[in-house]
Number of protein chains: 2
Amino acid sequence: MKNLLLQNISKHVSLTSEEEDIIFNAFEKASFKAKTIVIKPGDEAHFTYFVLKGILRSYTIDDNGTIHILSFATPGWWVADMYSYLTGKPAVLYVDVMEDCDVLILQRCDAERLFTEVPKLERFFRILTENNLIANQQRILDKMALTAEERYEKFLQKYPDIINCLPQKYIASFIGVTPEFFSKMKSNLLRKK
Amino acid sequence: MKNLLLQNISKHVSLTSEEEDIIFNAFEKASFKAKTIVIKPGDEAHFTYFVLKGILRSYTIDDNGTIHILSFATPGWWVADMYSYLTGKPAVLYVDVMEDCDVLILQRCDAERLFTEVPKLERFFRILTENNLIANQQRILDKMALTAEERYEKFLQKYPDIINCLPQKYIASFIGVTPEFFSKMKSNLLRKK
DNA sequence: ATTGGCTGTTAATCTATATTAAGAAATAAA
DNA sequence: TTTATTTCTTAATATAGATTAACAGCCAAT
């Protein structure tokens, strides 16, 4: 029986069952309680998580103490401090747990070993990273070209499922406005319709 | 003698001279005059450029007609409509020529053929995309957490060379402010010091 | 039941940045 | 050189969104 990880990988490359074993064995399993900070700036976070259950988020805290959310990770998604994971330098982000979670952990050094052993996995990560890059480019342009309202509507379309299990101030942080303004904006939207 | 492209690739993977030939032959060469629009939204832009000479930029135009610059590409850099290149769908960006340029063109289908033929090239593009992703993530956070002034100072540090050969309104567009505000901001910075 | 801590709302005020406009300076074209 | 076009600056005004503050609702812990 295929687990979520292999199911996920097989969306982009097809693996033999030996390859599946090799890959799966490179991951370690872990569980964390809600509110656990699993990565913080300065950590040597040379690994990435694949989420099996629960929700995590990655974010920074600026000089005023304001949180800016970079990403949410629900089951089937990856989350890491990409900077630390890819460069081997200390982390720049926080990653914490919003709902009790189970994750699979892949160390960078194991990933690199696997890339040579199973080139199809390197292909998978290339495609994953490519898709991630496109999404991030679009987000940059959206932040420059769209109003908060328009960004919110895009968010609704893109993540309709995640909305109800998420305090709305987190959505505000993700789209880049304060919770107060977000609240006002939402009631404006309701009044309009 | 190695050209700029092979030099660039060899920063991340080492190629035999046969591999170098295979790769180099997959590219087509082209030259464009300044102001040429080489990609526009709707185009089937299933290729990427490697810049040998000159400067290009990628951008969108919003409903008000305002330009938002996503990237500049100088010699040694890549530029494409990543969305069209990677998904095979119509382009969403403009790419145009800021200074007469020579580029090498790689079609997506040739890239995919090469990835199988020369796995090291797939590795190179994986790494390239990874680095690009990190930079884009940081840019998202910078736009949310930093003031325009701070973003400008980061830009100065990151691209000190490109600044003098670039109309400053393009820098304004890249960091996400109007040229008028950018001008004011710059004179404020001077007064401070 | 009561306390305390999150979360969401509303409203007043404030600020960074946008918009509009008009002239100056620089570049390119003729 | 003169003209035209693009770029830069300055200043007045406008606005999207931030800040501050006060309160209400909700849920978990005591």
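Every heavy atom of this structure was used, including side-chain atoms; hydrogens, water molecules and symmetry mates were not. In what follows, every chain begins at residue 1, and chains take the letters A, B, ... in the order their sequences are listed.
Taking a 4.0 Å limit (strictly below) on heavy-atom distances, residues 177-185 of chain A reaches DNA chain D at A/V177, A/T178, A/E180, A/F181. Sorted by residue number, the members of residues 164-174 of chain A with any non-hydrogen atom under 4.0 Å from DNA chain C read A/P167, A/Q168, A/K169.
Rounding to whole angstrom units, CG of residue A/L190 and C1' of C/dT10 are separated by 15 Å. What separates OH of B/Y152 from C1' of C/dT17 is a distance of 17 Å, to the nearest Å. Between the C1' atom of D/dA18 and the CD1 atom of A/I175 lies a distance of 14 Å, rounded to the nearest Å. For the pair B/I67 CD1 and D/dT6 P, the interatomic distance rounds to 12 Å; values are reported in whole Å. Atom CG in A/N188 sits roughly 12 Å away from atom C1' in D/dA16 (whole-Å rounding). What separates CG of B/D63 from P of C/dA18 is a distance of 17 Å, to the nearest Å. Rounded to whole Å, atom P of D/dT7 lies 15 Å from atom NZ of B/K186. Between A/I163 atom CD1 and C/dG8 atom C1' the separation is 17 Å, expressed in whole Å.
The pair A/E130-A/R126 meets the salt-bridge criterion, since a charged nitrogen lies less than 4.0 angstrom from a carboxylate oxygen.
Checked by atom type and distance alone, the side chain of A/R108 never pairs as donor or acceptor with a backbone atom of A/H46 at under 3.5 Å.
The aromatic ring centres of A/W77 and A/Y49 sit 6.0 Å or more apart. For an aromatic pair to be called close, the ring centres must be under 6.0 Å apart, and B/W78 with B/Y85 fails this. The six-membered or imidazole ring of B/Y152 lies near that of B/F182, with a centre-to-centre distance under 6.0 Å. A distance of 6.0 Å or more separates the ring centres of A/Y59 and A/F174.
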Under 3.5 Å, sequence neighbours excluded: what are the donor-acceptor pairs made by side chains of residues 50-58 of chain B?
{"unit_1": "B/R57", "atom_1": "NE", "unit_2": "B/D96", "atom_2": "OD1", "d": "2.8"}
{"unit_1": "B/R57", "atom_1": "NE", "unit_2": "B/D96", "atom_2": "OD2", "d": "3.4"}
{"unit_1": "B/R57", "atom_1": "NH2", "unit_2": "B/D96", "atom_2": "OD2", "d": "2.9"}
{"unit_1": "B/S58", "atom_1": "OG", "unit_2": "B/S71", "atom_2": "N", "d": "3.4"}
{"unit_1": "B/S58", "atom_1": "OG", "unit_2": "B/S71", "atom_2": "OG", "d": "2.8"}

Could you run down nucleotides 24-30 of chain C 5' to 3' and tag each one B, S or - for protein heavy-atom contact under 4.0 Å? -------
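Looking at B/D142 and B/Q138, their side chains do bring a donor and an acceptor atom within 3.5 Å of each other.
The shortest distance between the side-chain N/O atoms of B/R151 and the OP1/OP2 oxygens of C/dA16 is not below 4.0 Å.
For residues 31-52 of chain B, the salt bridge (Lys or Arg N to Asp or Glu O under 4.0 Å) pairs, not counting sequence neighbours, are B/K33-B/D100, B/K40-B/D43. Residues in residues 171-189 of chain A take part in no salt bridge (Lys or Arg N to Asp or Glu O under 4.0 Å) pair, two or more places apart or across chains.
For B/F27 against B/L104, the heavy-atom pair with the smallest separation is CD2-CB, 3.6 Å.
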